[in-house]
**Q** 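Got a structure for you, questions after.
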Amino acid sequence: MATLTRPVRLEQGRLYLSLYLQPKASRDQFLGLHGEELRVAITAPPVDGKANAHLLKWLAKQCRVAKSQVVLLAGESSRHKKLLIESPREIPPMLAELLANSA
């Protein structure tokens with residue numbers, strides 16, 4: 001079950017992410033690994049779902065997909081999130097590096 005602990009997985013055209021979210025940051029960015037998760041900073045505050053909405057929109061832009069193709073699978077009210085990105089047209093460099101290292 002090692003595949004479940006990787007922070008970034010690409011399976012059948014779907015990109016799965018395990019994230020540790022840092023809201024209210026100075027800018028949106030991937031920060032590297034945080035244990036078995038990818039640490040992501042976003043500028044939105046963790047209030048009324050704003051952080052989740054901002055994260056989904058930002059990831060959609062990073063992967064060049066529609067917002068509807070980014071799905072929050074788990075962690076709606078937690079810093080620990082599981083996401084799915086359907087058919088990413090682009091994989092950001094940090095995610096590509098993590099995918100290459102886990103292969």
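Atom set for the values below is all heavy atoms of this structure, side chains included, hydrogens, waters and symmetry mates excluded.
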**Q** Side-chain heavy atoms nearer than 4.5 Å, only ILVMFWY residues, links allowed to pass through others: does that put L33 and L17 together?
**A**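 Yes, because L33 and L17 connect within a single hydrophobic cluster, where side-chain heavy atoms sit under 4.5 Å apart.
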**Q** I would like to know whether L59 and L83 meet side-chain contact (heavy atoms from CB on, under 4.5 Å); could you show each step before the answer?
**A** CA-CA 10 Å; L59 285 172; L83 290 106; 3.9 Å; yes
**Q** For a side-chain contact (heavy atoms from CB on, under 4.5 Å) with V8, tell me which candidate from L19, N101, L98 qualifies.
**A**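 Single pass found, and it is L98.
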**Q** Any non-hydrogen side-chain atom of L38 less than 4.5 Å from a side-chain atom of L95?
**A**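 The answer is yes; the side chains approach within 4.5 Å.
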**Q** Output the distance between atom CZ (R64) and atom CZ (R89), rounded to the nearest 0.5 Å.
**A**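 If we round to the nearest 0.5 Å, R64:CZ and R89:CZ are 4.5 Å apart.
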**Q** Show every donor-acceptor pair shorter than 3.5 Å between a side-chain atom in residues 39-56 and any protein atom, with sequence neighbours excluded, or say none if there are none.
**A**
{"from": "R39", "atom 1": "NE", "to": "Q22", "atom 2": "OE1", "distance (Å)": "3.3"}
{"from": "R39", "atom 1": "NH2", "to": "Q22", "atom 2": "OE1", "distance (Å)": "2.6"}
{"from": "T43", "atom 1": "OG1", "to": "D28", "atom 2": "OD1", "distance (Å)": "3.4"}
{"from": "T43", "atom 1": "OG1", "to": "H54", "atom 2": "NE2", "distance (Å)": "3.4"}
{"from": "N52", "atom 1": "OD1", "to": "K81", "atom 2": "NZ", "distance (Å)": "2.8"}
{"from": "N52", "atom 1": "ND2", "to": "E76", "atom 2": "O", "distance (Å)": "2.7"}
{"from": "H54", "atom 1": "NE2", "to": "D28", "atom 2": "OD1", "distance (Å)": "3.0"}
{"from": "H54", "atom 1": "NE2", "to": "D28", "atom 2": "OD2", "distance (Å)": "2.8"}

**Q** When hydrophobic residues are tied together by side-chain contacts of less than 4.5 Å, even through go-betweens, does V70 share a cluster with M94?
**A**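 Linked, V70 and M94 end up in one cluster.
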**Q** Please name all residues satisfying ring-ring contact (aromatic ring centres under 6.0 Å, His included) with Y20, sequence neighbours left out, ordered by chain then number.
**A**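 If we apply the ring-ring contact (aromatic ring centres under 6.0 Å, His included) test to Y20, skipping adjacent residues, the hits are H34, H80.
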**Q** R14 and Q12: side-chain donor and acceptor closer than 3.5 Å?
**A**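 The answer is no; no qualifying pair exists.
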**Q** Could you grab the distance from atom CZ of R9 to atom CG of L84, nearest 0.5 Å is fine?
**A**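 The CG atom of L84 is 9.5 Å from CZ of R9, to the nearest 0.5 Å.
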**Q** Looking at every non-hydrogen atom in both residues, tell me the closest pair between A96 and I91 and how far apart they are.
**A**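 Minimum heavy-atom contact is N-CG2, 3.6 Å.
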**Q** What pair of heavy atoms forms the shortest contact from E36 to S18, and how long is it?
**A**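 E36 and S18 have their closest heavy atoms at O-CB, 4.3 Å.
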**Q** Is the shortest heavy-atom distance from the side chain of S68 to the side chain of E86 under 4.5 Å?
**A**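 With C-beta onward as the side chain, the pair stays apart.
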**Q** Write down the atom of L15, the atom of C63, and the distance for their closest heavy-atom approach.
**A**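 Distance-wise, the nearest heavy atoms are CD2-SG, 4.3 Å.
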**Q** Is the closest side-chain heavy-atom distance between I85 and V65 below 4.5 Å?
**A**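 In short, these two side chains touch, coming nearer than 4.5 Å.
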**Q** If you measure from CD on Q62 to CD on Q29, what distance do you get to the nearest 0.5 Å?
**A**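 The CD atom of Q62 sits 10.5 Å away from the CD atom of Q29.
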